[in-house]
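All values derive from a computational prediction rather than experimental measurement. Below, chains carry the letters A, B, ... as their sequence lines are ordered, and counting in each starts from 1.
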Amino acid sequence: MSDGRKVLLLHGGLLAGLFALHFVLPAYHHGNLARIMVLASYAVGYNVLFGYTGLLSLGHALFFAAGMYGMALPLHHLGLPAGWALLTGLGAGAGLAALLALLALRTTGVAFLIVTLMFAQAGHLTILYFGEVTRGDEGFVIDAAQRVLWGIDLSAPDARYLAALALFAASLLACLALVRAPFGKTLIAVRENEERVRMLGYDTHLHKWGAMVISGALSAAAGAAYGLLFGYAGATFGSVQYSILPLLWVLLGGAGTVIGPFIGTLFMFYLIDLSSDLTTAYMLVAGVALIALTLFAPQGLAGEVRRRLWRWLP
Amino acid sequence: MTLLETRGLSKHFAGLQAVAGVDLAVTEGEVRALIGPNGAGKTTLVGMICGRIAPSGGSVRFDGRDITALPAHRRIRRGMAYTFQITSVFARLPVAENVALAARRHRRGADVDLAVHAALDRVGLGAHIDREAGDLSYGHQRLLELAMALAQEPRLLILDEPTQGLSEAEIAAFKALVRELAGTTTILLIEHNMSVVMETADRVTVLDLGTVLAEGTPREIHGNAAVQAAYLGTGADA
Amino acid sequence: MEIGPYFLLATLEGAVTAAVLALTAVGLSLVFGVMRVVNIAHGEFFMLGAVIAWWVAQAVGGHPALGFAAALVIAPLIVGGLAAAADMTILKRLDYDPERTIVATIGLLYVIQQVTLMTYGPEARPVEAPFGTRLAIPWIEHAEGGWRLYWPWGLSTTSYKLAVMAAAAAVLLGVWALMARTRIGLVMRATQMDRGMALAFGIPVERVYALVFGLGAGLAALAAVLIVPIRQAHYLMGADPLLLSFIVVIIGGLGSLPGTVVAAVLIGLSDGIISVFFSPTLAKIIATLLVALVLVFRPQGLFGTRAA
């Protein structure tokens, strides 16, 4: 079997499996998996920048929250239909990413990381500052009546699961297409050795900018979908924690692999879910995982699989 | 026709004059060797030509246009290729992908594969196409650099000490390759190995302390007393 | 209260913030300067200092001054020791790779914070100040027949707050003396300038790093002990000092101690004063954006002259 067919089989198989699970999962896990697929789409977006381009951002919550509020505010306050609201959410995240990339990409390394952190912090504080429209930390619930897309009621569990799957499939396939396209391959080369790419005649700055816009747009799409599917928007989704979580998911699953973000999100979601039954200090799991991963498995789960078994894993 | 021309090109780093007012004119199709003792400013000079280093003064013309203000990638796109003095391949990517990155700038689809194979065969790395670049020996990595440059099909090929670390047989193959390219590709070659210079270069420019000490055919340079004193006489690198 | 006395009060409160902030930020700056490590867990070391201070004060009992004095010594030592241990077990094994150490310190942040939540709990608890005489401050006003002195209601500070400022100043002088005047300071500065060269000269760089990381965390803990009689100990209290320290260190010029102190005083004072006129949230938005823009356009900091 050619490598291309293996890749298709693996990722197609994952999507088919997720579709099959729709019919067999008990309600609790069915609901969890819908949430995981949306969050994994966010991680896929994060991975485009971190895993493939080699840029460590600590501010992606800004794009996730921009997508969420870009969708929820016009929907809630202006009565915009859900379909259009998703687009405004996507546009808000992508536009913000395009603008901030212009500034943040003037820096490199640690400075880039702090700049993204600070911009996201400013964004989070801005949500809190305009508490009258955003309802701050408390957030606001989106009416079930407004969560209807093309006549489908997204507040119903079945429709919600399938919508989450559709979003995840779109993100996964977009990522797969990206890393197999010349643009994506150049991004990987930028991660490996930016100066060499520049001296091959590529505008590396433009490539990094493009990566950040794609990454921001995917994150925003996930944020908008999260708000619409689960009927809630709150400032927590713009906090530092939501910038660190995708980093954690991607590190765990395997940075720079297409399937890694999903694996990482799945594992970490259930790990936190299980430990929150035991203690309120469930974020301890996240902390321990971050340290253990950087120390012992910087490649993550899928990265280890690629290193040991399947060299063709994209 | 002059392909590359520098006028008064200078660079100083914190008071140290690395390159001082270099005028250089390279004709299309010529193989030009750039020699000089360590610290003479050779790498700084070609760095300013291909845009890695911003000059403190002077100008660079390429193919009849002033490119002094252009960033490096735009200069490369105009038809320059640069190989690094310190090997700088993509160590964690396959050999084929290293060359494909260079080829993809002006090719698409199956065309890329053809160019990759052609470039690797030309430098004798055809057998290593599927290996990870970082697993190659040092000499092979230098040849890979060369293949990456060839795959760009440049009009001006800038080679910074390409034979350093190569075996005798590989050096002989390199000389043959340069002779093959001569006439179609203009080559600017920084080289310490005098046999490579004598056998491949049409003209030689000698740099010392950041200025042009002498310029001429290899034979003229070989007989030049000033060069003997400044460079060959000390014999450290020759 | 009129604007004049109000302003003076805000300045006094700001000076307390500035004093504590300067200590915390100098700790962060020291770690970045010498080790090139961005310590995201710095705020948690601060929090740990306050929580340990509460524990020590509880354990000692008796006159508040006794417990406080014990905390002043014990908390920074424990926190410094923990930090040094974290350096040796985690950061050292990452070879101080900038990005991986940052990820690890984020992990450390959650570990410290969540373990504190599990043991100390979610409550905010006060530590009693060792002393705290109320000092009313006079103001002058123009009345009939000329200027006169009066005591506006609410315009006061405490002897403890003044002591905090003095203590912070003394500790900062001590840090400066340590860096500039002692052998260990010389070793630290040599390591900062060129790690490889320091190794070549036989400086035990690994031990210097552990020491610096411990010292940086200890300074944060000390700052927390000083502030805990004024603000209570809580497991989430590390976020603000972390953010403010970042702002200060970046604006002051990464790794520059004098720049850090100047920036801490400016930010601390303006934080107090701006909060009087604007909402604290708006002040923070402006500050974070300022930091981002400084890094983008002036990475050497507003006061620095050398490239960071």
Look up atom CG in A/Leu125 and atom CG in C/Leu282, then write down how far apart they are to the nearest 0.5 Å.
10.0 Å

Go through the atoms of A/Leu103 and report whether side chain, backbone, both or neither lie under 4.5 Å from a heavy atom of chain C.
both

Rounded to the nearest 0.5 Å, what's the gap from CE on A/Met118 to CG on C/Leu290? Could you check?
10.5 Å

Report which part of A/Leu284 has an atom under 4.5 Å of a heavy atom belonging to chain C: side chain, backbone, both, or neither.
both

Heavy-atom distance under 4.5 Å to chain A: side chain of C/Ile106, backbone, both or neither?
both

Does CZ in A/Phe140 sit with more than 12 non-hydrogen atoms of other residues, nucleotides or ligands closer than 6.0 Å?
yes

Against chain A, label C/Ile112 side chain, backbone, both or neither, depending on which of its atoms sit under 4.5 Å from a heavy atom there.
neither

For A/Leu117, check side chain to side chain contact (heavy atoms under 4.5 Å, CB included) against everything at least two apart and list the hits.
A/Leu58, A/Val240

Are side-chain heavy atoms of A/Ile291 and C/Val103 found at a separation under 4.5 Å?
no

Cut-off 4.5 Å, heavy atoms of chain A, and the answer for C/Ile102 is side chain

Residue among A/Ala111, A/Ala289, A/Ala122 with most heavy-atom pairs under 4.5 Å to chain C
A/Ala122

A/Leu293 versus chain C, heavy atoms under 4.5 Å apart: side chain, backbone, both or neither?
neither

Kindly provide each donor-acceptor pair between chain C and chain A shorter than 3.5 Å, listing atom names and distance.
{"from": "C/Arg100", "atom 1": "NH2", "to": "A/Thr294", "atom 2": "O", "distance (Å)": "2.6"}
{"from": "C/Gln114", "atom 1": "OE1", "to": "A/Met283", "atom 2": "N", "distance (Å)": "3.4"}

Using non-hydrogen atoms and a 4.5 Å limit, figure out which bit of A/Leu113 sits close to chain C: side chain, backbone, both or neither.
side chain

With chain C as the partner, which of A/Val110, A/Leu105, A/Leu295 has the greatest number of non-hydrogen pairs under 4.5 Å?
A/Leu295

Could you look at A/Phe296 and say if it's the side chain, the backbone, both or neither that has a heavy atom under 4.5 Å from chain C?
side chain

